[in-house]
Amino acid sequence: MQTYELKTPLSEKDVKKLRINDIVYLSGWIYVARDKVHMRVLEYEKKKKKLPFDWKNGVIFHCGPLVEKKNNRWRIVGIGPTTSSRMNKLQPDIIEKYGIRAIIGKGGMNQNAINSMKKNACIYLAMTGGCAASAAKSVKTIEDVRWLDLGTPEALWVLDVERLGPLIVAIDSHGGSIYQKVDSAVKNNLKELIKS
Amino acid sequence: MISKQLIRDTVVKLFRQAVTSLPRDVECALEKAYKWEKSKISRIQLNAILENVKLAGKCSIPMCQDTGIPLVYVKIGEKTGVKFLDLRKSIAEGIKLATKEIPLRPNIVHPLSRKNTGDNTGISRNINIEILPEKDYIDITVFPKGAGSENMSFLKMLNPSDGIDGIKKFVLESVVKAAGNPCPPTIVGIGIGGSSDIAMKLAKTALLRPLKEKNKDNKIASLEKELLEKINSLGIGPMGLGGRTTALKVNIEYEYCHTASLPVAINMGCWANRYSTARIYKNRVIFPK
């Protein structure tokens, strides 16, 4: 269990040294994307259309931000992770195609996603859910926003953050997953509890 | 008569209070959980939550970016003379205003087209209205419910022969299925009996009961206690990363049901189990602490 200060873009080496239970504070650009952005990216992919942003080797943050527009400028009021399992089906293709290096979210992802993270040197960083007020303090600037037609919680936001964290390495690029460890212990405990 | 404006403005105040300050009993339970947790990772989660709650309260900003689906529970006194249509409209106006002023995240979309209304209102069926006989006031509770926990809702029509053991098994299996998704430590609301819809409503409103209050029925109260202990021995822990605190409380409500049915519904409240209540009289509004 070690603590790392990392800056995006993350290199393959940065990612590979991390193991589950490590703690990360992340700085630099991150791409806020949830259900609809993932769906649209895959649609673009199908139609061979070029994306209006370049998130190659980037960090994806599963989040629907709370934003406010004042004097014609967007401001982040709150950010925090959303349930990552909703992106289970959509994530592997995006990780592979764009060489995504890290996913920030909550609740973890399924075996397919874990496999694709292992194959492509990508990690999953668990962020404490619902800590929007604290996390918003890490946002330095909004660098870009795209696809606002999807609604502000579903649009693609590019944020420049400073020391976002603490984030827990919950799935590493070697196939390790805290969630799987917890899940198998929990299922054993459940068996005992139901028996008695 | 209670004015439309007073209802609207009270709704705005209630949403602001709900999304920026956690009920004190929930915060205390989280503080207790922090002391009880042993592992570094679970303590990091609870520490982040507690620091965030303090910051949100101090700066009056929403504690969670998911300011939820704006559920509203109204009990309207018979003697107020307020028309239902006016009540609905004033509450919807309050939700729109709160969305802009606080702000709340515009979360509400058409269920099929997924088009966002932009102001957190829909057809107004998310407003629950009950009548208070003989009273001259309106009680309003707002309950902004995040999707992370709401998506982890479960309903099962058990066989009466499944009995209490069947109920326990269903609850534990559901909590395991939910894992870290509803942002544990959660409040687990359980509705037993009634019909399928009533059971779910009971499960939801169970989340609005203060944590120190047990069910008045001793047998149900001991089931609440037993289930809480069992849930916390599962080891799911804060945010599903392992630990001793998976739930802060189990609240059960019940209603009589058909002799051939045993409906059981589960509705979970994330750690940010936010709600606020006010009583509106003609000339004043009371916000209980």
Side-chain angles (χ1 to χ4, degrees), chain A residues 1 20-21 23 35-36 39 63-70 75-86 106-108 126-137 149-154 165-168 170 178-179 181-194 196, chain B residues 20 40-41 44-49 51-59 61-67 102-107 109 114-116 118 146-148 151-152 165 168-169 172-173 175-176 179-184 230 233-243 246 270-272:
Chain A
M1 189 187 274
I20 54 167
N21 294 320
I23 297 159
D35 312 56
K36 286 186 184 169
M39 286 155 76
C63 160
L66 170 55
V67 294
E68 185 177 42
K69 200 172 197 177
K70 271 200 171 154
R75 185 179 76 84
I76 296 284
V77 180
I79 50 165
T82 193
T83 306
S84 296
S85 60
R86 291 201 313 274
K106 73 176 175 82
M127 184 168 167
T128 313
C131 294
S134 309
K137 279 177 53 180
D149 61 298
L150 299 175
T152 55
E154 296 282 348
L167 308 170
I168 311 293
I178 296 181
Y179 301 104
K181 284 192 175 175
V182 170
D183 188 56
S184 67
V186 164
K187 288 208 169 118
N188 276 332
N189 292 337
L190 177 66
K191 241 187 248 165
E192 289 301 311
L193 283 170
I194 288 175
S196 61
Chain B
T20 61
K40 190 170 175 188
I41 286 179
I44 288 174
Q45 304 309 309
L46 290 167
N47 186 53
I49 289 169
E51 277 184 5
N52 178 64
V53 167
K54 285 197 179 73
L55 184 69
K58 202 177 87 188
C59 306
I61 46 176
M63 67 190 82
C64 177
Q65 78 290 343
D66 185 357
T67 49
I102 299 171
L104 304 176
R105 197 174 72 181
N107 282 331
V109 302
R114 311 304 294 178
K115 197 173 158 22
N116 200 314
N151 286 349
M152 297 297 122
D165 283 343
K168 289 181 200 166
K169 184 166 177 261
L172 292 171
E173 283 172 349
V175 171
V176 169
N181 295 317
C183 283
K230 289 197 159 139
S233 66
L234 286 168
I236 295 166
M239 295 314 298
L241 294 166
T246 303
C270 55
W271 66 257

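Side chains included, hydrogens not; waters and symmetry mates left out as well; all remaining heavy atoms used. Each chain gets a letter, A, B and so on, in the order its sequence line appears, and its residues count up from 1.
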Original post:
Taking atom CG of B:Leu234 and atom CG of A:Asn188, what is their separation to the nearest 0.5 Å?
Top reply: 11.5 Å

Subject >> Sequence-distant partners of A:Lys36, side-chain hydrogen bond (donor to acceptor under 3.5 Å, both in side chains), two or more places apart >> reply: none

Original post:
How many angstroms lie between CG in B:Leu241 and NZ in A:Lys181, if you round to the nearest 0.5 Å?
Top reply: 12.5 Å

**OP:** Working to the nearest 0.5 Å, report the span between OG1 of A:Thr128 and CD1 of B:Ile44.
**Re:** 8.0 Å

Subject >> Proximal component of A:Asp149, with respect to chain B [non-hydrogen, under 4.5 Å] >> reply: neither

**OP:** Go through the atoms of B:Thr20 and report whether side chain, backbone, both or neither lie under 4.5 Å from a heavy atom of chain A.
**Re:** neither

**OP:** Sort B:Ala56 into side chain, backbone, both or neither according to what part of it lies under 4.5 angstrom from a heavy atom of chain A.
**Re:** both

Subject >> Leading residue by heavy atom contact count with chain A [cutoff under 4.5 Å; candidates B:Asn116, B:Asp66, B:Thr246, B:Ile236] >> reply: B:Ile236

Original post:
Counting heavy atoms not belonging to A:Lys70, are there more than 12 under 6.0 Å from its NZ?
Top reply: no

Subject >> Side chain / backbone / both / neither for A:Met1 at chain B, heavy atoms under 4.5 Å >> reply: side chain

**OP:** Below 4.5 Å from any heavy atom of chain A, which atoms of B:Leu46 appear? Answer side chain, backbone, both or neither.
**Re:** neither

**OP:** Select, from A:Gly108, A:Pro65, A:Ala170, A:Ala185, the one with the greatest count of heavy-atom pairs under 4.5 Å involving chain B.
**Re:** A:Pro65

Original post:
Could you state the interatomic distance from CG (B:Asn52) to NZ (A:Lys137), rounded to the nearest 0.5 Å?
Top reply: 10.0 Å

Subject >> Heavy-atom proximity to chain A below 4.5 Å, by part of B:Lys40 >> reply: side chain

Original post:
What heavy-atom pair brings B:Pro62 and A:Val77 nearest, and what distance separates the two atoms?
Top reply: CD-CG1, 4.0 Å

**OP:** For A:Asn189 and B:Gly235, work out which heavy atoms get closest and say how close.
**Re:** ND2-N, 4.4 Å

Original post:
Counting N and O atoms only, with roles assigned by atom type, does the side chain of B:Gln65 sit under 3.5 Å from a partner on the main chain of A:Gly80, one being a donor and the other an acceptor?
Top reply: yes

Original post:
Between CG of A:Leu66 and CG of B:Leu104, what distance do you get to the nearest 0.5 Å?
Top reply: 7.5 Å

**OP:** Considering non-hydrogen atoms only, spot the tightest contact between B:Pro106 and A:Pro153 and give its length.
**Re:** O-CG, 3.3 Å

Original post:
Which atoms of A:Ile23 come close to chain B, meaning under 4.5 Å heavy atom to heavy atom: side chain ones, backbone ones, both, or neither?
Top reply: side chain

Original post:
Among B:Gly242, B:Pro103, B:Ala48, B:Ser233, which residue forms the greatest number of heavy-atom pairs with chain A at distances under 4.5 Å?
Top reply: B:Pro103

Original post:
At what distance, to the nearest 0.5 angstrom, does CE of B:Met239 lie from CD1 of A:Ile178?
Top reply: 12.0 Å

**OP:** Flag the one option from A:Gly107, A:Gly78, A:Gly129, A:Pro81 with the top tally of heavy-atom pairs under 4.5 Å to chain B.
**Re:** A:Gly129

Subject >> Pair A:Leu193-B:Lys168, side chain to side chain contact (heavy atoms under 4.5 Å, CB included): steps then yes or no >> reply: CA-CA 10 Å; A:Leu193 283 170; B:Lys168 289 181 200 166; over 6 Å; no

